[in-house]
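Here the structure comes first, spelled out in structure tokens, and everything after it is commentary.
None of these values were measured; they are calculated from a predicted model.
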Amino acid sequence: MLEGFVEIPILQGSSFLSVTDNGLNFNKNVVKHMRRAESIKIFCNSSKKQLAIQKCDKNAENSIPFYRDEKNLTNGVRFNNREVQQMIATLMDWNLSEYNYRADGFLADDGETMIFNLNCVRKFSKKNKTVTNT
């Protein structure tokens, strides 16, 4: 009866990247879309102001460990690389001491890459807990 159909996986909520003064956090939906990739590469498109992560072999040049443990999946994956964090903050002119930023992502057609548009983020004030869309 369902010949020719492909099951569509449905995840609750959006896939997003949070950038804070503590690092980068990819939520659990990103991890699931990336099929629990053990290693990724990070890419930046400065002119479009986009960040991308792509699944790769753990032995690939510039690969970094990503998903490690099923029991910690509820919090997603935290990435504490100050160089990447500061590169994003500088590119976007973000104030990480005053705000946290959240960018939604989408899975690219290759099924192994998530792209985050840093131009369209939600900005969360650390002081009064207000949210601003930018």
Side-chain angles (χ1 to χ4, degrees):
M1 180 168 119
L2 294 176
E3 186 175 323
F5 284 85
V6 176
E7 183 177 357
I8 300 171
I10 304 295
L11 299 176
Q12 298 290 328
S14 61
S15 300
F16 62 85
L17 159 70
S18 297
V19 182
T20 72
D21 60 350
N22 292 321
L24 309 178
N25 186 60
F26 300 94
N27 78 335
K28 66 181 178 181
N29 286 347
V30 173
V31 177
K32 288 179 179 181
H33 274 303
M34 298 292 292
R35 297 180 300 217
R36 295 170 171 78
E38 290 182 29
S39 298
I40 61 166
K41 290 185 177 188
I42 298 179
F43 299 88
C44 181
N45 183 327
S46 297
S47 63
K48 290 186 177 182
K49 297 192 176 177
Q50 294 177 325
L51 186 80
I53 60 172
Q54 184 177 57
K55 182 179 181 178
C56 68
D57 183 81
K58 68 180 180 180
N59 297 318
E61 187 176 349
N62 297 320
S63 72
I64 57 170
F66 189 63
Y67 176 73
R68 292 186 188 98
D69 191 352
E70 184 69 34
K71 67 183 174 188
N72 292 324
L73 183 56
T74 55
N75 297 323
V77 170
R78 177 163 285 294
F79 182 63
N80 296 322
N81 184 295
R82 293 276 185 220
E83 183 178 340
V84 173
Q85 173 198 36
Q86 289 304 312
M87 182 272 308
I88 293 170
T90 300
L91 173 69
M92 300 307 299
D93 195 28
W94 287 349
N95 181 350
L96 296 179
S97 62
E98 298 287 327
Y99 299 96
N100 295 329
Y101 300 84
R102 184 175 121 177
D104 287 334
F106 67 92
L107 187 64
D109 292 339
D110 68 0
E112 296 190 340
T113 306
M114 289 285 304
I115 300 173
F116 303 91
N117 183 355
L118 303 176
N119 287 305
C120 301
V121 297
R122 293 176 65 195
K123 183 167 79 170
F124 298 85
S125 173
K126 291 182 181 183
K127 290 182 181 177
N128 59 14
K129 307 293 184 195
T130 60
V131 178
T132 306
N133 292 321
T134 62

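- Side-chain atoms of N27 come within 3.5 Å of backbone atoms of F16 as a donor-acceptor pair (strictly under, hydrogens ignored).
- No side-chain heavy atom of F43 sits less than 4.5 Å from a side-chain heavy atom of T113.
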- Take I53 and F116, measure what side-chain contact (heavy atoms from CB on, under 4.5 Å) needs, and give me the verdict at the end. CA-CA 9 Å; I53 60 172; F116 303 91; 4.2 Å; yes

Please lay out, stage by stage, how N22 and Q85 fare under the test side-chain contact (heavy atoms from CB on, under 4.5 Å).
CA-CA 9 Å; N22 292 321; Q85 173 198 36; 5.8 Å; no

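- Here the side chains of L107 and M114 are in contact, with some heavy-atom distance below 4.5 Å.
- Residues S39 and D57 have side chains not in contact (no heavy-atom distance under 4.5 Å, counting atoms from C-beta outward).
- In this structure, the side chains of C120 and D104 stay at 4.5 Å or more apart for every pair of heavy atoms.
- Under the rule for a side chain to side chain contact (heavy atoms under 4.5 Å, CB included), the partners of F106 that lie at least two apart in sequence or sit in another chain are I115.
- Going from atom OG of S63 over to atom CD1 of I40 covers 9.5 Å, rounded to the nearest 0.5 Å.
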Under the criterion side-chain contact (heavy atoms from CB on, under 4.5 Å), I'd like the reasoning laid out for L17 against V30: C-alpha separation, chi angles, the key distance, then a yes or no. CA-CA 8 Å; L17 159 70; V30 173; over 6 Å; no

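- With side-chain heavy atoms closer than 4.5 Å counting as contact, directly or through intermediates, V6 stands alone and belongs to no larger hydrophobic cluster.
- For E38, the CD atom is loosely surrounded, since the number of other residues' heavy atoms within 6.0 Å does not exceed 12.
- Counting heavy atoms from C-beta outward, R78 and T20 have side chains that approach closer than 4.5 Å.
- Between the SG atom of C56 and the CD atom of E61 there is a distance of 11.0 Å, given to the nearest 0.5 Å.
- Two residues are said to be in side-chain contact when any heavy atoms from C-beta on lie closer than 4.5 Å; K126 and D21 meet this criterion.
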**Report entry** Derivation of the side-chain contact (heavy atoms from CB on, under 4.5 Å) call for Y101 and N95
**Finding:** CA-CA 9 Å; Y101 300 84; N95 181 350; 4.2 Å; yes

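- Proximity of a side-chain donor or acceptor of N119 to a complementary backbone N or O of K48 within less than 3.5 Å is detected.
- Within the 4.5 Å cutoff, side-chain heavy atoms of I64 are placed close to those of I42.
- In this structure the side chain of F26 never reaches within 4.5 angstrom of the side chain of Y67, judged on heavy atoms.
- Salt-bridge annotation for R35 and E112: present, with a side-chain N of the basic residue lying under 4.0 Å from a carboxylate O of the acidic one.
- Taking NZ of K28 as the reference point, atom NE2 of H33 lies at 12.0 Å (rounded to 0.5 Å).
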